[in-house]
There are 2 protein chains.
Amino acid sequence: MPDHPEPDHEPDNLQLVHLLRAVAVDFGLRQAEFATRNGMHPTDVRALICLLDAARAAEPATAGLLGARLGLNSAGTTAVIDRLERLGHVARIRDEHDRRRILLRVEPAAIRLGREFFGPLIDGVLRVLDSFDPAERDAVRRFLTAAHTVFASDPQP
Amino acid sequence: MPDHPEPDHEPDNLQLVHLLRAVAVDFGLRQAEFATRNGMHPTDVRALICLLDAARAAEPATAGLLGARLGLNSAGTTAVIDRLERLGHVARIRDEHDRRRILLRVEPAAIRLGREFFGPLIDGVLRVLDSFDPAERDAVRRFLTAAHTVFASDPQP
DNA sequence: GGCGATAATCTCGCTTAACGAGATATTACC
DNA sequence: GGTAATATCTCGTTAAGCGAGATTATCGCC
């Protein structure tokens with residue numbers, strides 16, 4: 001529900017915000033397409049992305065963390081993991097240091113599946129970025145960082 | 001599922017793609033937050049956004065078009081409209097030119113609700129954009145346009 | 001070193017979003 | 001004017017996610 005906020009800005013800039021939103025919507029649709037194409041649900045795909053992000057950041061990917069990131073309660077989290085495990089995309093591993101916890105490992109087959117689908121899309125964007133000079137790339141980075149900061153800030157009261 | 005695609009690009013650019021994805025995810029979370037805060041479901045919010053986009057583009061917002069954009073079948077589409085109508089956010093209007101069709105009008109109260117929630121967020125992004133010079137704005141526009149083109153292109157076989 | 005409090009995950013039952021199939025009403029084609 | 005095509009809705013079913021509570025493991029305290 002994007003329409004014009006408070007007044008008094010360049011109208012061109014508002015158009016950029018609309019573009020950003022359109023990209024976000026596109027991304028969601030692609031995620032959903034990848035999901036149905038592989039017998040999954042959008043939430044399952046979000047879960048895989050979340051687990052890969054955690055792996056990249058070297059965070060321990062526990063069931064609880066996953067549920068928190070996805071906004072699911074514990075029952076829903078268990079269900080997501082069950083589905084992913086049944087498809088062979090994720091393995092449950094008891095944490096030997098704290099045996100209450102379940103660590104989640106994304107299987108290589110799932111990573112390959114994601115790369116097949118998203119690789120060409122990412123490559124398309126990268127090809128455009130390669131044609132940018134450093135100042136332009138920096139402008140993009142500052143814009144995205146600002147958007148990330150604004151949209152990720154803690155919920156309003 | 002974002003990880004490294006084919007090789008041979010600036011690693012900094014890949015980081016920009018990750019940032020873009022993060023923003024898309026943030027946006028989805030905010031959408032979900034707005035939904036639950038107003039007794040709706042994420043799909044309902046996506047429907048409202050879709051209807052407002054159609055209004056801005058001066059397209060006729062029919063039930064069928066809405067369902068197609070959301071990827072729902074006709075039963076699901078009817079259900080979404082029922083929920084929005086029950087909350088008073090949308091009105092069903094018979095198209096007098098083709099009396100099979102239902103036109104959908106977003107009520108002003110719903111628009112106000114969206115502006116209250118998303119206005120400050122949009123404003124935050126606009127404030128940053130106002131500090132950009134025209135060349136930087138153009139870089140952002142080209143980047144977003146490219147991403148939109150890549151992500152919105154027709155489904156792969 | 002054992003005991004209650006806390007934490008992490010799972011089980012059960014329920015609500016309901018979305019699906020498939022088919023009904024209904026309106027328009028377009030020949 | 002009758003039949004095909006289109007737009008929406010109804011009905012019954014599946015399963016995603018929730019709330020409540022059970023289960024198992026760890027930690028702090030005396």
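We name chains A, B, ... by the order of the sequence lines, and we start the count at 1 in each one. Keep in mind that this is a model prediction, so the values were computed, not measured.
- Mapping A/I81 and B/A79 onto DNA chain C via the closest heavy atom, the residue that lands nearer the 5' end is A/I81.
- Taking all atoms of both residues into account, the shortest heavy-atom contact from B/A47 to B/L84 is CB-CD1, 4.0 Å.
- Taking atom CG on A/L72 and atom C1' on D/dA16, their separation rounds to 9 Å, with Å as the unit.
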Subject >> Evaluation steps, salt bridge (charged side-chain N to carboxylate O under 4.0 Å, His left out), between B/D82 and B/R92 >> reply: CA-CA 9 Å; B/D82 283 349; B/R92 278 179 163 98; 2.9 Å; yes
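- A close approach under 4.0 Å does not occur between any side-chain nitrogen or oxygen of A/R46 and OP1 or OP2 of D/dG17.
- One interatomic measurement links the two molecules: CG of B/L104 to P of D/dA7, which rounds to 14 Å at whole-angstrom precision.
- With rounding to whole Å, B/R99 atom CZ is found 13 Å from D/dA7 atom C1'.
- Summarising the geometry, the separation between CD1 on A/I102 and C1' on D/dT24 is reported as 11 Å, rounded to the nearest angstrom.
- In this structure, A/L84 atom CG and D/dG17 atom P are separated by 11 Å, rounded to whole Å.
- A/D98 comes within 4.0 angstrom of the backbone, heavy atoms only, and of no base.
- With D/dT6, D/dT8, D/dG17 as the candidates, the nucleotide lying closest to the side chain of B/R100 is D/dT6.
- Looking at heavy-atom distances under 4.0 Å, B/T43 makes contact with sugar-phosphate atoms alone, never a base.
- One hydrophobic cluster, built from ILVMFWY side chains closer than 4.5 Å, holds both A/V128 and B/L14.
- One can place CZ of A/R86 at 8 Å from P of D/dA16, the figure rounded to the nearest angstrom.
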Subject >> salt bridge (charged side-chain N to carboxylate O under 4.0 Å, His left out) evaluation trace for B/D53 with B/R56 >> reply: CA-CA 5 Å; B/D53 281 349; B/R56 194 176 319 119; 3.2 Å; yes
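- If you find the closest nucleotide of DNA chain D to A/S74 and to B/L103, the one lying nearer the 5' end belongs to B/L103.
- Residue contacts shown for B/G71 are limited to sugar-phosphate atoms, with no base heavy atom under 4.0 Å away.
- Closest non-hydrogen pair, A/L121 versus B/V150, comes out as O-CG1, 3.4 Å.
- Ring pair A/F117/A/F34 is tilted by interplanar angle, where 30° to 60° counts as tilted.
- Taking atom CG of B/D82 as the reference point, atom P of D/dC9 lies 7 Å away to the nearest angstrom.
- Taking atom CG of residue B/D95 and atom P of nucleotide D/dT8, one finds them 9 Å apart after rounding to whole Å.
- With D/dT8, D/dA20, D/dA25 as the candidates, the nucleotide lying closest to the side chain of A/A75 is D/dA20.
- Residue A/N73 has a polar side-chain atom (N or O) positioned under 4.0 Å from OP1 or OP2 of D/dC18.
- A continuous path of ILVMFWY side-chain contacts below 4.5 Å connects B/L19 to B/F151, so both sit in one hydrophobic cluster.
- Nucleic acid contact for A/R92: sugar-phosphate only, since backbone atoms but no base atoms lie under 4.0 Å from a heavy atom of the residue.
- When DNA chain C is scanned in the 5' to 3' direction for atoms under 4.0 Å from non-hydrogen atoms of chain B, the outermost contacting nucleotides are C/dA17 to C/dT27.
- Looking at B/V90 and B/R105, their side chains never come closer than 4.5 Å, going by heavy atoms from C-beta outward.
- Residue contacts for B/T77: at a heavy-atom cut-off of 4.0 Å it reaches no nucleic acid atom on any strand shown.
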